[in-house]
Amino acid sequence: MKKILYILLAFTTLNSCSEYQKVLKAEEIAPKFKMGEELYNAGKYEKANRLFAQIVPNYRGKPQAEKLMYLYSNSFYKMRDYYVAGYQFERFASSYPESEKLEEASFLSAKSYYMLSPVYSKDQTDTVEAIEKLQNFINLFPESEYLDEANKLVKELEFKLEQKAFSIAMKYAEIAPGYTFDFDAAIKSFDNFLYEFPGSVLREEAMYFRLEAVYQQAMNSYETRRTVQGNVEHIKKLRLEKGKEYSSVFKNSFPNSKYIEEVNRMAIDIDNELKPYQTES
């Protein structure tokens, strides 16, 4: 019995394949549309896509074109070809602004760009573009059924940008064999991060490591002076004062931080180093 079933299954599969090849090579476009839609509904998106691609030019301006273009665009999305899916859905939205599928197509277009966003450690050009696309969708469809998902995707993408900026700052703040410690670059990078992402969940980390960079720079500074507009400035003193300021800001912002003991220790060291300057004054 099983043998007969296998034979029937093999025969059906072969017949189906031969029928597909026959329609694929045929000149008539209607059978291609019909079979393409059947294959699409059956989840065979690659085969459906091949048929749709052959007939898209023939249906331009015809009543069936809207449906065909939606199926064609979505077949790319289902195939995870997100570059083409995003582009095709944008074309659909532009060509059929009155379509009942406009909102869905616009969302899937934006989501296609989201799907192209790489891990945070890589270049984030696609992430920035995806945020723009999703934000445009949110602005155009503020009452959309996809609004919650769109907002969630935007938050995910924005966090990637935060992670990227934070990781760049951390690279400057890390000490490794053969690595030149760049205090100024680390401090500037953390300053930029805190300015660009004031509500980031990484704010505490950024403020702590910024303080640590300022502390290390100040404690390892030689006593040097410079003249600025006729006034003599002590470089080490200026760095210590910045460390004192940053430690106070951190303690006020995160009094229960896991770093609070270390911050208090650095603050005491800074105060001790500042004493000679206070006596001098």
Does the Lys NZ or Arg CZ of [X] fall within the cation-pi geometry relative to [Y] - under 6.0 Å from the ring centre and within 45° of the axis?
X      : Y      : answer
Lys62  : Tyr59  : yes
Lys164 : Tyr120 : no
Arg210 : Tyr246 : yes

Check your understanding: With no hydrogens and no angle check, is any side-chain donor or acceptor of Lys160 less than 3.5 Å from a backbone partner on Ser117?
Key -> yes
**Study point:** Ring center gap for Tyr87 and Tyr83 short of 6.0 angstrom
**Key:** no
Point to revise | For Glu196, all residues meeting salt bridge (Lys or Arg N to Asp or Glu O under 4.0 Å), sequence neighbours excluded | key: none
Exercise for review: List for me each residue that meets salt bridge (Lys or Arg N to Asp or Glu O under 4.0 Å) alongside Lys152, sequence neighbours excluded, and say none if there are none.
Suggested key: none
First locate atom [atom1] of [X], then atom [atom2] of [Y], and finally report the distance between them rounded to the nearest 0.5 Å.
X      : Y      : atom1 : atom2 : answer
Phe183 : Asn220 : CZ    : CG    : 5.0 Å
Phe52  : Leu68  : CZ    : CG    : 6.5 Å
Glu262 : Ser257 : CD    : OG    : 11.0 Å

Practice item. Take the angle between the ring planes of Tyr72 and Phe76 and call it parallel below 30°, perpendicular above 60°, tilted in between. Key: perpendicular
Practice item. Scan side-chain atoms only and decide if Glu204 and Tyr259 contain a donor-acceptor pair under the 3.5 Å cut-off. Key: no
**Study point:** ring pair (Phe, Tyr, Trp, His ring centres under 6.0 Å) against Phe159, all qualifying residues, sequence neighbours excluded
**Key:** none
